[in-house]
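What follows is one structure encoded as structure tokens, with my remarks underneath.
Just follow the structure's listing: the first ligand is 1, and inside any ligand the first atom is 1.
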Amino acid sequence: MSRPDKIAIVTGASRGIGRTIALRLAKEGADLVVTATTFASANKVAGEIEQLGRKALAFALNVAEIRECESLVKTTLEKFSRIDILINNAGVTSDNLLIRMKEEEWDKVIDVNLKGTFNCIRASTKTFMKQRAGKIINITSVVGISGNAGQANYSASKAGVIGLTKSVARELAPRNIQVNAVAPGYIETDMTKSLPDDVMQTLIDAIPLRRMGTTEDVASLVSFLASENSDYITGQIISVDGGMVM
Ligand code: NDP
């Protein structure tokens, strides 16, 4: 897919799904703003993007803080003058059974995954509206659709992202801004590598395509949703999960 001179922001781009998305968009010709919780890890990916011949800006960001998201947008506009694509990928887990879940575990996951997605959309919406064009892609999860024992906080945050996606899609459609969400299943990243082998095997047995997904599997759909090939698609939640949720 060709993407000449598009400007894309990817949150949580230091590793895993976000890093692969950022590198994919760069390979397709976009310039990138990449964020992580520390400047050093965002800057590492920015260096990899520059190696591909594209421009990159590294930004240290806690998505849970709206002021920091506003500053991200301001800095992006100072450097690139526009924003074409916003990928809300930053996310965390803090798993526990409901009976043991602490208030802090609930708050942290909701603050980063749900409020963080709202914060970045809120901070960039004026720019998208003025441009009368833009693509917002939120990374949710299949467990936001199906629920998951031990992940009440995470599932609720991701279900919230689904409602947010649909509402914002309706609000921004008259300005030619498409808002969609991608719902990955089990993808090989730091987030899933700590699962014990027997748990992993049980999970794989429940996936119709009988394998974990790769970050490239997710990036392929994001690449499509960030392109003009998806101009008539908005408010959709599309799973990349090997058929787990049908
Ligand atoms: P990783 O744990 O590999 O990476 C998470 C990224 O988010 C890192 O770049 C991290 O930065 C960043 N981040 C964490 N906290 C914050 C914060 N408060 N503010 C800004 N950035 C933050 O995650 P994955 O690649 O596995 O997941 C990416 C997205 O995909 C998440 O939203 C996740 O919920 C979702 N997802 C993942 C699945 C999977 O199987 N892996 C399945 C379904 C959905 P730093 O490096 O500085 O910590």
Donor-acceptor contact below 3.5 Å, side chain Asn89 vs main chain Gly12: yes
Selected option - heavy-atom contact closest to atom 11 (O) of ligand 1, from Gly144, Ala13, Ser14: Ser14
Part of Thr192 with heavy atoms under 4.0 Å of ligand 1, whether side chain, backbone, both or neither: side chain
Close approach, Gly185 and ligand 1, non-hydrogen under 4.0 angstrom: yes
Top protein contact for atom 44 (C) of ligand 1, by heavy-atom distance: Thr140 O, 3.2 Å
Side-chain touch Asn180/Lys135, heavy atoms, less than 4.5 angstrom: no
Closest protein heavy atom (residue, atom, distance) for atom 21 (N) of ligand 1: Ala90 CB, 3.3 Å
Side-chain donor-acceptor pair present, Ser41, Thr38, cut-off under 3.5 Å: yes
Residue, atom name and distance, where the atom is the protein heavy atom closest to atom 18 (N) of ligand 1: Asn62 OD1, 3.0 Å
Part of Val92 within contact of ligand 1 (heavy atoms, under 4.0 Å): side chain
Option nearest atom 29 (C) of ligand 1 (shortest heavy-atom distance, choices Asn89, Thr215, Ile21, Ile17): Asn89
Between Gln201 and Asp205, a side-chain donor and acceptor under 3.5 Å: yes
Per-atom contacts of ligand 1 with Gly16, taking only distances under 4.0 Å to non-hydrogen atoms: 3 (O), 25 (O)
Atom 36 (N) of ligand 1 [closest protein heavy-atom partner, distance rounded to 0.1 Å]: Tyr154 OH, 3.5 Å
Geometric N/O contact Gly12 with ligand 1, under 3.5 angstrom: yes
Nearest neighbour in protein (non-hydrogen) for atom 10 (C) of ligand 1: Arg15 NH2, 3.8 Å
No-hydrogen, no-angle side-chain donor-acceptor test under 3.5 Å, Ser223 and Glu28: yes
Side-chain donor or acceptor of Ser155 paired with backbone N/O of Gly147 under 3.5 Å: no
Ligand 1 contacted by Leu61 (non-hydrogen, < 4.0 Å): yes
Pair Asn138, Thr165: side-chain N/O donor-acceptor within cut-off below 3.5 Å: yes
Distance-only polar pair, side chains of Thr214 and Asp217, donor-acceptor under 3.5 Å: yes
Which residue and heavy atom of the protein sit nearest atom 26 (O) of ligand 1, plus the separation: Thr189 OG1, 2.5 Å
Same cluster (ILVMFWY, side-chain, under 4.5 Å), Phe39 and Leu72: no
